[in-house]
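Everything below concerns the one structure shown next.
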Amino acid sequence: MLKITDLRANVDDKEILKGLNLHVPPGEVHAIMGPNGSGKSTLAHILAGREGYEVTKGEVLLEGESLLDLAPEERAYRGVFLAFQYPVEIPGVNNTYFLKAAVNALRRHQGQPELDAIDFLGLVREKLEILHLDESLLKRGVNVGFSGGEKKRNEIFQLALMEPKVAILDETDSGLDIDALKDVAKGVNALRGPEFSAIVVTHYQRLLDHIAPDRVHILSEGHIFRSGGIELAHELEAKGYEGLVRTEAGS
Amino acid sequence: MSAPTPTDTLSAGAKAYIEAFAEREDELPGRGLKWLHDARREAIDFFSRTGFPTQRNERWKYTNVAPIEKRSFDLNRKVPLPSRTPLSGDLWTEGDRQALRLVIDDGIVNPALSNLDGLPQGLFVKGLAEAIDVESVGLTLAPGFALESKLTRIAPARNDAFCALNTALMDSGAVIFAPPGTVLERPLHLIFRVGSGEKALFPRILIAAGAGARMTVIEHFSGPADADYLENAVTEIDLAEDAALRYIKMQRSGSKSWHLATLRARIEARAEFRSSVLSLGARLCRHDIDIELQGEEARCSLDGLYLADGRRHTDFRANIEHTFAHCKSDVYCKGIAAGRGRGVFNARAHVHPDAQKSEAHQTNRNLLLSRDAEIDTKPQLEIHADDVKCSHGATVGQLDDQALFYLRSRGIDLESARAMLTLGFIRDIVERIEDPDLRRMIGKATLAHLPGMGLDGELSEAFT
């Protein structure tokens with residue numbers, strides 16, 4: 001589904017990604033763990049098409065087609081979704097209005113008829129229930145005055161509405177209590193299937209107890225330093241990054 | 001009395017106005033009313049001494065009116081009524097046939113399109129010329145209402161050159177009086193429309209509310225996109241104790257026109273003036289607002305929105321005099337400058353020594369959408385009392401890159417994302433309009449003027 005080959009990227013002339021390789025087959029969920037500054041968020045942003053990153057080498061293919069030259073909205077049309085680590089507050093833009101515009105933009109580009117207000121409301125209510133989100137959030141500005149937990153639930157709510165092919169969850173678990181964490185996991189798990197892949201960027205094993213990954217990768221200094229199954233996350237939890245690096249060096 | 005002699009230092013452009021006054025003096029409304037005729041003469045004398053303001057004048061520092069001075073507008077309009085072709089301009093209240101409205105086409109009341117049925121007992125709405133005419137023959141418009149104590153008194157000609165020109169040449173507009181205790185439940189629309197031609201118009205509006213009276217008045221200005229015309233309007237507002245006026249100004253004048261508006265209000269004890277001034281059209285627009293809080297607990301709020309796209313220039317100037325204790329003023333303006341447009345905000349609250357417990361706030365937020373656009377902002381507080389709550393702040397920013405990326409990552413294309421954020425920026429100005437029907441009308445109209453906004457179906461739902 002998603003294939004990243006030898007990806008190198010700079011931010012302000014400093015190389016952050018240094019030859020990153022990652023292959024996420026259809027239907028799989030891969031976790032990316034790594035210390036602060038290892039390039040996790042950079043990778044997430046580059047995949048979604050954020051400006052300010054200079055890709056100097058390598059390629060990113062989604063179903064065999066290159067993503068790197070596409071605008072963020074074009075990536076969304078092809079099925080890329082980024083759940084933000086820090087969802088942006090947009091005062092004055094009503095959440096419902098924004099969600100409807102987003103869903104219908106996707107539908108337009110995917111050749112589906114747009115949803116009218118009634119169909120949209122039906123869809124929204126169904127997804128709100130999964131995320132335990134209050135309907136009153138719909139009337140507010142996008143993320144305005146939302147608690148940390150509400151913001152993250154709102155990200156997964158959008159994920160559920162947009163049903164992408166590849167979701168990138170950028171530290172969605174940070175700052176969540178256990179109930180919110182379970183709701184987030186439930187939202188993601190509901191989408192799992194042969195047509196859905198995800199990259200879950202996280203610091204902690206905690207989220208992975210609820211979203212079982214098919215693979216776990218450790219990102220360090222701009223490249224994948226180790227890959228394995230869930231046991232790698234457990235090892236990391238036990239030893240920490242330092243310990244893991246030492247083990248690697250000693251072996 | 002002989003006509004005043006224009007000073008030699010005046011430009012030919014300025015002299016044209018003085019000559020027009022000399023020619024029209026005897027036919028302007030109120031020739032038979034000495035007080036009014038005197039006021040007109042004093043006004044033209046004042047203008048003869050000052051001419052048009054230059055940017056050396058601190059009040060006009062950011063706005064150059066020389067292009068107006070250089071133009072030769074038709075100042076001596078003598079169009080006989082029957083020959084006039086009906087205007088096809090924006091009737092504004094079209095969606096509501098029952099709306100209360102006074103339609104003024106090219107400076108002349110259009111009775112066929114106006115609707116003043118069902119006004120409360122005693123409340124009157126008259127065309128300016130008609131109101132002056134009634135007084136001219138010795139009748140009074142209403143018990144307890146003296147035109148002489150208000151018209152040209154609230155906004156004296158020495159206020160400013162444009163106010164002086166309007167005073168000298170005013171021949172159209174409206175006089176509205178709500179007797180004490182009267183409540184006008186439905187909004188009253190004053191609809192000013194302009195036909196073709198390079199004319200100068202001098203509308204004068206007087207709104208007077210007796211003690212405890214309440215009403216909502218909307219002034220709506222529109223005109224053809226290709227006509228190069230001048231609107232020099234003056235609005236005088238007089239609110240007696242406990243009166244309340246909700247005032248909305250929609251400036252949607254033709255994009256080649258020049259719109260200069262003076263607004264002066266006297267607000268007595270416990271009276272409230274709530275105003276929203278939306279400046280959406282015209283190539284050059286200036287709102288010149290002076291508020292006098294003349295009794296304890298008098299309140300005013302001045303909301304503003306100005307759009308300066310293309311080569312448009314828009315200037316919002318306000319001054320509020322806090323003379324008594326326990327008064328409150330709040331200025332809340334937002335501006336958008338795009339293309340090579342320029343927006344100016346200049347507001348001052350002046351708190352006098354006896355005006356203890358005053359509250360004065362000024363907020364001005366601006367959005368710059370292009371490299372060549374310009375914003376000048378100057379909120380000011382001048383405080384001579386020690387027990388006051390005052391604040392002021394100004395910001396100039398661009399569309400938030402993070403927000404743009406967020407929207408685009410959800411499939412909203414760049415243009416729509418920009419439109420959405422721009423709309424988000426101005427939204428609260430529209431939402432502060434309490435009446436839901438008015439809010440919808442104004443929201444829709446405003447969207448149509450936003451720079452670079454493809455007004456699609458989705459967006460037009462934004463204010464429902």
Side-chain angles (χ1 to χ4, degrees), chain A residues 44-45 47-53 70-110 114-117 120 141-144 151 154-155 158-159 161-162 164 167-168 170, chain B residues 303 305 332-336 363 365-367 395 397-433 436 439-440 442-444 446-447 450 453-464:
Chain A
H45 284 149
L47 293 178
R50 177 151 198 182
E51 284 172 24
Y53 300 90
L70 300 179
E73 57 269 33
E74 290 170 324
R75 300 181 194 209
Y77 305 146
R78 286 182 203 203
V80 177
F81 180 94
L82 170 65
F84 283 58
Q85 184 181 1
Y86 303 108
V88 185
E89 294 193 14
I90 311 180
V93 177
N94 171 295
N95 210 16
T96 314
Y97 173 65
F98 155 67
L99 294 169
K100 187 161 171 250
V103 167
N104 279 337
L106 282 190
R107 292 182 69 94
R108 257 195 319 276
H109 283 88
Q110 291 163 356
E114 295 188 22
L115 295 182
D116 64 17
F120 177 72
V142 177
N143 293 319
V144 177
K151 282 182 184 168
N154 195 31
E155 291 295 290
Q158 292 170 29
L159 170 73
L161 284 175
M162 300 179 75
I168 304 127
D170 189 6
Chain B
D303 287 5
L305 173 67
Y332 187 75
C333 276
K334 287 195 166 177
I336 298 175
T363 307
R365 303 207 185 290
N366 297 285
L367 191 56
T395 57
Q398 296 169 335
L399 291 177
D400 179 0
D401 278 341
Q402 289 193 51
L404 276 175
F405 174 60
Y406 189 75
L407 294 175
R408 293 177 77 190
S409 78
R410 299 304 184 246
I412 294 163
D413 63 82
L414 179 60
E415 198 186 334
S416 304
R418 291 175 69 97
M420 219 180 255
L421 293 182
T422 307
L423 170 63
F425 175 75
I426 60 129
R427 186 184 197 96
D428 59 350
I429 295 290
V430 174
E431 291 196 334
R432 282 156 68 106
I433 293 164
R439 186 166 63 236
R440 252 192 303 278
I442 290 165
K444 249 178 125 165
T446 304
L447 282 178
L450 282 186
M453 288 201 36
L455 180 69
D456 63 20
E458 293 270 324
L459 221 43
S460 66
E461 289 172 14
F463 284 109
T464 54

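Residue numbers start from 1 in every chain, and the chains themselves are labelled A, B, ... in the order their sequence lines are given, proteins ahead of strands.
- Nearest heavy atom pair, residue A:F98 against residue B:R410, reads CZ-CG, 3.6 Å.
- Heavy-atom distances place the side chain of A:V142, and not its backbone, under 4.5 Å from chain B.
- How far CZ of A:R108 is from CG of B:D413: 7.5 Å, rounded to the nearest 0.5 Å.
- A 6.0 Å sphere centred on CD of B:Q398 holds no more than 12 heavy atoms belonging to other residues, nucleotides or ligands.
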Criterion side chain to side chain contact (heavy atoms under 4.5 Å, CB included) on A:I90 and B:L407, from CA distance to verdict: CA-CA 9 Å; A:I90 311 180; B:L407 294 175; 3.8 Å; yes
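- Both the backbone and the side chain of B:L414 come within contact range of chain A, with heavy atoms under 4.5 Å apart.
- If you measure heavy-atom distances from B:D401 to chain A, you find no contacts under 4.5 Å at all.
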Got a list of side-chain donor-acceptor pairs under 3.5 Å for residues 82-89 of chain A, not counting sequence neighbours?
residue: A:Q85; atom: OE1; partner: A:S41; partner atom: OG; Å: 3.3
residue: A:Q85; atom: NE2; partner: A:E171; partner atom: OE1; Å: 3.2
residue: A:E89; atom: OE2; partner: A:K151; partner atom: NZ; Å: 3.0

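- With sequence neighbours left out, the side-chain contact (heavy atoms from CB on, under 4.5 Å) criterion links A:R78 to A:L62, A:E65, A:L70.
- Considering all non-hydrogen atoms of both residues, A:V93 and B:M420 come closest at CG2-O, 3.3 Å.
- Between the CZ atom of B:R408 and the CZ atom of A:R75 there is a distance of 10.0 Å, given to the nearest 0.5 Å.
- Nearest heavy-atom pair across A:A105 and B:G411 is CB-O, 3.2 Å.
- Annotation for B:S409 and A:P72: closest pair N-CB, 4.1 Å, computed over non-hydrogen atoms.
- The contact between A:E51 and chain B is made entirely by side chain atoms (from C-beta outward), counting heavy-atom distances below 4.5 Å.
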